[in-house]
Structures are given as C-alpha cells and as structure tokens.
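Hydrogens, waters and symmetry mates play no part in the numbers below; they use all other heavy atoms, side chains included. Order of appearance sets the numbers: ligands from 1, and atoms from 1 within every ligand.
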Amino acid sequence: MNDFVFTKVKKAKLISFFIYKYHSNLFRKNVINNSSIKTVFCNKSELLSYLNESEVINLVKELSEKRKKFRKNPKERTNIWNSYRWGAIKLNNGKGLYSLIRKFKPEVLVETGVCNGISSAFILLALHKNKKGKLYSIDFPKIKGVNYENGTFWQDKGGAEIPKGKKPGWVIPENLRDRWTLIHGKSQEELPPLISELKEIDFFLHDSDHSYDCMMFEYEEVFNVLKTKGILASDDIVWNNSFDDFCKKTNKKPYYISPNVGFLIK
Ligand SMILES: C[S@@+](CC[C@H](N)C(=O)[O-])C[C@H]1O[C@@H](n2cnc3c(N)ncnc32)[C@H](O)[C@@H]1O
C-alpha cells in the first residue's frame, strides 16, 4: 500500500515538473514570441538590441544568484504558513520593462510594491543606461518572522517577504541607487501626495496590493497625471479584471509583456 502511494506521489511530482518546465519555457520565450510588447518597437531587432545589452544580461545573472541565497530551503514557510517567496516580477518580465524604459526614456517614474527590489533593479538599470530619469517607489513591506496584526495587509497577500535585517530593495546594486527614492507606506496613503508633488509622470508600475480596489485606485490616480504617451504598466493583471476594465474605461489598447504583465500607452 505504502509503495503504491509512494509511486502515485512520485508520478504526480514528475507530471507537475514537466508542466512547470513547459510553462517556464513559454515564459522564457514570451518576451518576444508570445507577447504584444514587440508591436511598440520599430522592429524585432530594436527590441532585441535592448534585451541583449550586456548590463541587463549581467543583472539577470546577479539577481539569479541572490535568489538562490535568499531561499536556501524551498520548503520554508512564513508566519502565516505561506510559502516564503521573494515575490518578484519574473526576470523575463523585468527585461521587458527594461526594454520599454530604454526605448521611451521616461523622466519621472513611479512604482508601487518593492519587496526585495527586482522590478526596481531593472527599472533603475534602464535609467542608468539612459542617463536620465528618477524612480519613486512606494512599499509597505512584510518582514520575515514578524507577527503582524490581522488586517495589516490585504486579505489575499501571499508569501512575498523580505529577510529580517534587510530593507526593501536590498537586491538593487549599489551603483544604481542614486536615481531612486523609496517611500515607506501603503500606496492608498502615499500615492496621492506623491503624485500631487510630482504633478506629471511618464511611467508607472503597479506591483503592490493586488486587490481589485487597490489596483483600480492606483491606475485611476496615476492616469490623471500621466503624460500623453506615458506608460501605465501592471504586474499580476490575471489576479482580477481591474487592468482590462481600466483599459476599456479609458478606451486604451492593452499591450502585454506576458500573460501576467500588461501596459497601456496614454
Ligand atoms: C509582489 S511584491 C513586489 C515585488 C517587486 N515588484 C519585485 O519585482 O521584486 C509586493 C510588495 O508590495 C507590498 N505591499 C502590500 N500592500 C501594499 C500597499 N497597500 N502599498 C504598498 N505596498 C504594499 C508587499 O508587502 C510587498 O513588499
């Protein structure tokens, strides 16, 4: 009987491994093949020229190394028994955002949701290469091992946490930090004063509280001050319909870096 159960478990694990491999291959290719990002570039080789820049290839290697150290034990759990994850944007999606910023050269950028800092690192590298632009990031981090009162975070928050003793954005290389301002707090409270101070923005990325209400709130706040031809991008658009609804409401065409990361151009 035990042998039978063991074989079943092994088989199930094997099947999920192949499904995972199949999907990760799709994700590997999707920056170019399975997405609409290429349509905003003059041609495929323009996009490739950004994706193949040595600095971004090196950043991917550096972040992959940091990730291995971050999660030495894949079975590790958070205090609320979620799988302990660094909750980052996929590296290929990061490269997609990098290419967009390299092409459009925005000057004022706002991001919500930093956590360990993977998306911020890609954005800041693009600004460094462009030699222009400033990124303002808002984050309300969850730190591993800390017990938070119920209701501190949004209801469906997963296991994205930063290690104890680290600050949000700790993976961002030192030489990229001069164009970065980090604001601690919830986007619901910190975004309105930030955008009224900045007045106009060129690029926005949502990756904080993925409830419908918060995502819609952030898109609406930002859209009002987004410059014409500015970009509003969002991670985790498959969590709910807010991104699609917002594109319909504003009559803007949605573009996709991957099935999970979308953007519109005002
Ligand atoms: C998915 S992680 C961000 C990952 C990051 N963009 C990256 O690529 O590495 C979400 C982050 O947003 C934070 N957060 C949750 N609710 C928030 C809120 N209302 N306002 C700002 N940040 C929030 C989480 O604690 C976490 O640090």
Side-chain angles (χ1 to χ4, degrees), residues 27 56 59-60 62-64 66-67 70-71 78-80 82-98 100-101 109-126 135-164 166-173 176 180-195 203-219 221-222 233-240 242 257-258 260-263:
F27 271 111
V56 76
L59 180 66
V60 168
E62 187 179 335
L63 294 175
S64 308
K66 285 184 174 158
R67 185 175 196 271
F70 168 84
R71 204 169 164 209
T78 69
N79 280 13
I80 51 164
N82 274 319
S83 169
Y84 175 45
R85 297 182 307 110
W86 78 346
I89 197 151
K90 297 260 179 317
L91 296 177
N92 266 342
N93 292 333
K95 285 175 79 178
L97 290 173
Y98 172 86
L100 272 182
I101 296 168
L109 299 88
V110 174
E111 165 193 52
T112 62
V114 177
C115 205
N116 298 293
I118 288 70
S119 52
S120 322
F122 280 102
I123 297 172
L124 288 166
L125 178 64
L135 171 66
Y136 299 84
S137 306
I138 299 173
D139 193 44
F140 186 67
K142 190 160 183 286
I143 296 159
K144 180 153 174 49
V146 174
N147 284 316
Y148 294 89
E149 267 179 40
N150 277 351
T152 305
F153 293 92
W154 61 292
Q155 191 187 318
D156 295 324
K157 177 166 173 24
E161 294 186 345
I162 55 175
K164 213 168 185 168
K166 301 275 191 197
K167 296 203 167 110
W170 64 274
V171 303
I172 302 169
L176 302 179
W180 191 44
T181 302
L182 174 65
I183 298 154
H184 182 280
K186 293 195 175 183
S187 65
Q188 291 91 333
E189 281 135 37
E190 302 300 332
L191 191 58
L194 175 66
I195 55 182
F203 182 97
F204 174 74
L205 172 66
H206 158 88
D207 197 12
S208 57
D209 165 340
H210 302 317
S211 61
Y212 185 99
D213 286 354
C214 181
M215 289 171 85
M216 193 53 102
F217 159 78
E218 291 188 9
Y219 303 154
E221 283 286 313
V222 163
S234 183
D235 190 23
D236 287 324
I237 55 172
V238 294
W239 281 62
N240 56 58
S242 57
I257 292 175
S258 74
N260 201 28
V261 181
F263 66 95

Pull out every atom of ligand 1 sitting under 4.0 Å from any heavy atom of [X], numbered as shown with elements.
X    : value
V114 : 4 (C), 5 (C), 7 (C), 9 (O)
D139 : 11 (C), 12 (O), 13 (C), 22 (N), 26 (C), 27 (O)
G113 : 3 (C), 5 (C), 6 (N), 11 (C), 12 (O)
C115 : 2 (S), 3 (C), 4 (C), 26 (C), 27 (O)
S119 : 5 (C), 6 (N), 7 (C), 8 (O), 9 (O)
K142 : 25 (O)
I89  : 7 (C), 8 (O)
S187 : 18 (C), 19 (N), 20 (N), 21 (C)

For ligand 1, does Q188 get within less than 4.0 Å through its side chain, its backbone, both, or neither, judged by non-hydrogen atoms? side chain

Residue-level breakdown please: for P141 versus ligand 1, do any non-hydrogen atoms fall below 4.0 Å on the side chain, on the backbone, on both, or on neither? backbone

Measuring from the heavy atoms of [X], does anything fall under 4.0 Å of ligand 1?
X    : result
C214 : no
T112 : no
G185 : yes

N or O contact, [X] vs ligand 1, cut-off under 3.5 Å:
X    : result
I138 : no
A160 : no
F153 : no
A88  : no
D207 : yes

Please check if the number of heavy atoms outside K186 that lie under 6.0 Å from its NZ is greater than 12. yes

Which class fits the ring pair F140 and F153: parallel under 30°, tilted 30 to 60°, perpendicular over 60°? tilted

Backbone of I195 reached by a side-chain donor or acceptor of Y136 within 3.5 Å: no

Knowing that exactly one of L182, L109, L205, V114 qualifies, which makes a side chain to side chain contact (heavy atoms under 4.5 Å, CB included) with S120? V114

Which of these passes side chain to side chain contact (heavy atoms under 4.5 Å, CB included) with I257: I89, N92, L100, D235? L100

Spacing of OG belonging to S211 relative to CD belonging to Q188, to within rounding of 0.5 Å: 7.0 Å

From D236 CG over to D209 CG, what is the distance, rounded to the nearest 0.5 angstrom? 11.5 Å

Non-hydrogen atoms of [X] and [Y] that approach each other most closely:
X    : Y    : value
M215 : I237 : CE-CA, 4.3 Å
A233 : F203 : CB-CZ, 4.4 Å
P163 : W170 : CD-NE1, 3.5 Å

Evaluate side-chain hydrogen bond (donor to acceptor under 3.5 Å, both in side chains) for N240 paired with S242, printing each intermediate quantity in order. CA-CA 6 Å; N240 56 58; S242 57; 2.6 Å; yes

